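Bear in mind the structure is a predicted one, so any value in this text is a computation, not a measurement.
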Amino acid sequence: QVQLVESGGGLVQPGGSLRLSCAASGFTLSQYAVAWFRQAPGKERERVSCIGSSALYTNYADSVKGRFTISRDNARNTVSLQMNSLKSEDTAKYYCAANQFCQPGLGYAYWGQGTLVTVSS
């Protein structure tokens, strides 16, 4: 079966770092664009980053640009999100999603269950 599973979330202090991983099973993730979304309680889900299937294209939301880095490891069938200089406003549940392209909106073909990131002192 087709599945996406996020891991790496947890509690981190402001200014700290965390690395999230999105692992695919049942399909080849390298054939898809992969995006990271996040959703805080009471807020809309927003895309924070996306990487094209070739990995030559990357995109970052202005709020995370310069702090987050998206990458993929095709041998592991995974996509990672390295998060540095974390702020309290980064606190959210983070989801990965796969699609043909890094398209606007939430209409991605596959979604993981999410992993919680809490940035607090």
Side-chain angles (χ1 to χ4, degrees):
Q1 289 184 319
V2 172
Q3 286 188 337
L4 286 175
V5 179
E6 302 93 339
S7 63
L11 176 64
V12 64
Q13 293 185 339
S17 297
L18 212 57
R19 188 176 181 89
L20 306 182
S21 180
C22 174
S25 61
F27 70 107
T28 302
L29 196 57
S30 64
Q31 296 179 348
Y32 294 83
V34 178
W36 284 97
F37 293 81
R38 68 185 182 187
Q39 187 168 27
K43 294 185 179 294
E44 294 184 345
R45 190 170 298 188
E46 64 172 343
R47 197 177 82 182
V48 299
S49 186
C50 193
I51 187 168
S53 60
S54 70
L56 296 177
Y57 171 84
T58 58
N59 171 269
Y60 300 92
D62 289 342
S63 58
V64 307
K65 203 164 191 175
R67 300 187 297 120
F68 290 11
T69 303
I70 191 169
S71 63
R72 59 197 322 157
D73 186 338
N74 292 341
R76 293 182 176 181
N77 209 27
T78 61
V79 169
S80 295
L81 184 69
Q82 178 67 46
M83 305 185 295
N84 298 326
S85 302
L86 284 163
K87 306 173 181 179
S88 60
E89 50 262 46
D90 295 318
T91 296
K93 194 167 187 178
Y94 284 72
Y95 302 84
C96 67
N99 206 62
Q100 184 177 14
F101 303 110
C102 289
Q103 66 189 46
L106 304 179
Y108 281 61
Y110 307 111
W111 289 84
Q113 294 297 307
T115 185
L116 182 63
V117 172
T118 303
V119 184
S120 177
S121 59

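Every pair tested for side chain to side chain donor-acceptor pair (under 3.5 Å) that includes a residue from residues 22-36 fails, sequence neighbours excluded, so the list is empty. Residue pairs meeting the ring pair (Phe, Tyr, Trp, His ring centres under 6.0 Å) criterion with at least one partner in residues 56-88, sequence neighbours excluded, are absent. The stretch residues 71-80 participates, sequence neighbours left out, in these salt bridge (Lys or Arg N to Asp or Glu O under 4.0 Å) pairs: D73-R76. The list of disulfide bond (SG atoms under 2.5 Å apart) pairs with a residue in residues 59-121, not counting sequence neighbours, reads C22-C96, C50-C102. For the salt bridge (Lys or Arg N to Asp or Glu O under 4.0 Å) condition, the pairs that include at least one residue of residues 20-41, sequence neighbours left out, are R38-E46, R38-D90.
By the side chain to side chain donor-acceptor pair (under 3.5 Å) test, Q103 pairs with N99, sequence neighbours left out. Remark: N84 engages S17, Q82 in a side chain to side chain donor-acceptor pair (under 3.5 Å) (not counting sequence neighbours). When the side chain to side chain donor-acceptor pair (under 3.5 Å) test is applied to R47, the partners found at least two apart in sequence or on another chain are N59, Y108. Taking the side chain to side chain contact (heavy atoms under 4.5 Å, CB included) definition, one finds that S120 meets it with L11, T118, sequence neighbours left out. Partners of Q100 by side chain to side chain contact (heavy atoms under 4.5 Å, CB included), not counting sequence neighbours: none found. For S71, the side chain to side chain contact (heavy atoms under 4.5 Å, CB included) partners at least two apart in sequence or on another chain are R19, S80.
Cluster note: L116 groups with no other residue, as no ILVMFWY side-chain heavy atom lies under 4.5 Å from it.
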